[in-house]
Protein chains: 2
Amino acid sequence: MRAKQSYSANRIDHLIENVTENELCDLAELFKVFGDSTRIKILYVLFHGEKNVTEICESLDMNQSAVSHQLKILRTSKLISSRREGKAVIYGLADDHVKTIIAMGKEHIEE
Amino acid sequence: MRAKQSYSANRIDHLIENVTENELCDLAELFKVFGDSTRIKILYVLFHGEKNVTEICESLDMNQSAVSHQLKILRTSKLISSRREGKAVIYGLADDHVKTIIAMGKEHIEE
DNA sequence: TGAACATATGATAATATATTCATATGAACG
DNA sequence: CGTTCATATGAATATATTATCATATGTTCA
């Protein structure tokens with residue numbers, strides 16, 4: 001996991017300078033991944049540490065197949081990473097951007 | 001528009017403590033709004049200042065009706081605000097979270 | 001090896017979403 | 001007041017997405 005860091009207004013302005021149309025489409029694809037309650041619940045569960053699929057299913061009280069399908073989407077977007085440990089596959093957050101993005105969202109809806 | 005501010009790791013951790021299931025669903029709804037290329041292009045155009053509907057249509061090279069439908073979704077989510085000025089309706093970003101959220105997304109896809 | 005457990009995946013059906021077309025609303029101005 | 005310009009909206013269609021069911025793959029261990 002990357003080191004945590006702060007995001008100043010200048011840094012933000014610099015990041016969003018000159019974004020191409022293709023990059024905007026990629027961004028939309030990324031946010032689409034956050035835009036589903038099952039997936040965001042999975043991410044939130046993983047905020048508190050790594051979990052295997054069965055544990056994630058129990059946390060969400062959801063069908064294993066539905067969860068696995070969504071895990072695949074999260075993996076493809078590189079929001080989570082996985083490793084096998086015996087019979088189980090352990091999932092965890094890929095980096096801290098996930099937390100930051102969700103925190104920004106939360107702050108928005110709180111207002 | 002709100003004053004700009006920094007987001008420290010501690011602040012982020014504090015924001016995402018104890019998020020309820022309902023809040024997670026609201027978050028998913030919010031991110032769903034960012035998860036469409038038309039809408040994110042509209043937001044990006046508005047980064048550079050207020051614009052009326054015709055100008056937004058020209059920037060995106062898109063049909064007025066399609067743009068208006070998406071503007072409505074952005075308005076409902078309070079990501080943009082609008083005011084009438086004569087015949088035209090002027091749209092602008094509602095607050096700085098939009099920029100921050102998109103900057104975080106961009107940083108993620110850059111890696 | 002084969003039984004039991006854990007996870008992934010393909011196909012399907014139900015639902016949601018975006019764009020288009022047609023039209024309505026609203027403002028300005030002769 | 002009627003025409004023109006600007007924007008909004010409803011209905012319909014096309015497409016995308018999600019959850020479920022059935023089943024396949026992969027791992028452990030007797």
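For clarity, every value in this text was computed on a predicted model and none was experimentally measured.
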Test the A:Lys99-A:Phe47 pair against the cation-pi criterion, namely NZ or CZ under 6.0 angstrom from the six-membered ring centroid and within 45° of the ring axis. yes
N or O in side chain of B:Lys32 less than 4.0 angstrom from C:dT17 OP1/OP2: yes
Is the phosphate of C:dA6 approached by A:Tyr91 (side-chain N or O, under 4.0 Å from OP1 or OP2)? no
What is the nucleic acid contact for B:Thr54, judged by heavy atoms within less than 4.0 Å: base, sugar-phosphate only, or nothing? sugar-phosphate
In whole angstrom, give the distance that lies between atom [atom1] of [X] and atom [atom2] of [N].
{"X": "B:Leu74", "N": "D:dT9", "atom1": "CG", "atom2": "C1'", "result": "16 Å"}
{"X": "B:Ile42", "N": "C:dA18", "atom1": "CD1", "atom2": "P", "result": "11 Å"}
{"X": "A:Ile56", "N": "C:dT7", "atom1": "CD1", "atom2": "P", "result": "9 Å"}
{"X": "B:Asp36", "N": "C:dA16", "atom1": "CG", "atom2": "P", "result": "17 Å"}
{"X": "A:Glu50", "N": "C:dT7", "atom1": "CD", "atom2": "P", "result": "13 Å"}
{"X": "A:Lys72", "N": "C:dA11", "atom1": "NZ", "atom2": "P", "result": "12 Å"}
{"X": "A:Glu29", "N": "C:dT17", "atom1": "CD", "atom2": "P", "result": "15 Å"}
{"X": "B:Ile73", "N": "D:dG10", "atom1": "CD1", "atom2": "P", "result": "13 Å"}

Do any pairs count as a salt bridge (Lys or Arg N to Asp or Glu O under 4.0 Å) and have a residue in residues 27-49 of chain B, sequence neighbours left out, and if so which ones? A:Glu21-B:Lys41, B:Glu29-B:Lys32
Looking at B:Arg11 and A:Glu107, is there a salt bridge between them, counting it only when a charged N and a carboxylate O are closer than 4.0 Å? yes
Got B:Leu74 and B:Leu46 here, is their nearest side-chain heavy-atom distance under 4.5 Å? no
Measuring only between side-chain heavy atoms, which start at C-beta, is A:His108 closer than 4.5 Å to B:Asp95? yes
Could you work out, with side-chain contact (heavy atoms from CB on, under 4.5 Å) as the rule, every residue matching B:Lys72, not counting sequence neighbours? B:Arg75, B:Thr76
Counting primed atoms, P, OP1 and OP2 as sugar-phosphate and everything else as base, the B/S/- map of nucleotides 21-30 of chain D against protein heavy atoms under 4.0 Å is BB----BS--
Of all the nucleotides listed (D:dT9, C:dT9, C:dA18), which has the minimum atom distance to the side chain of A:Ser68? C:dT9
In terms of relative ring orientation, are B:Tyr44 and B:His48 parallel, tilted or perpendicular, with 30° and 60° separating the classes? perpendicular
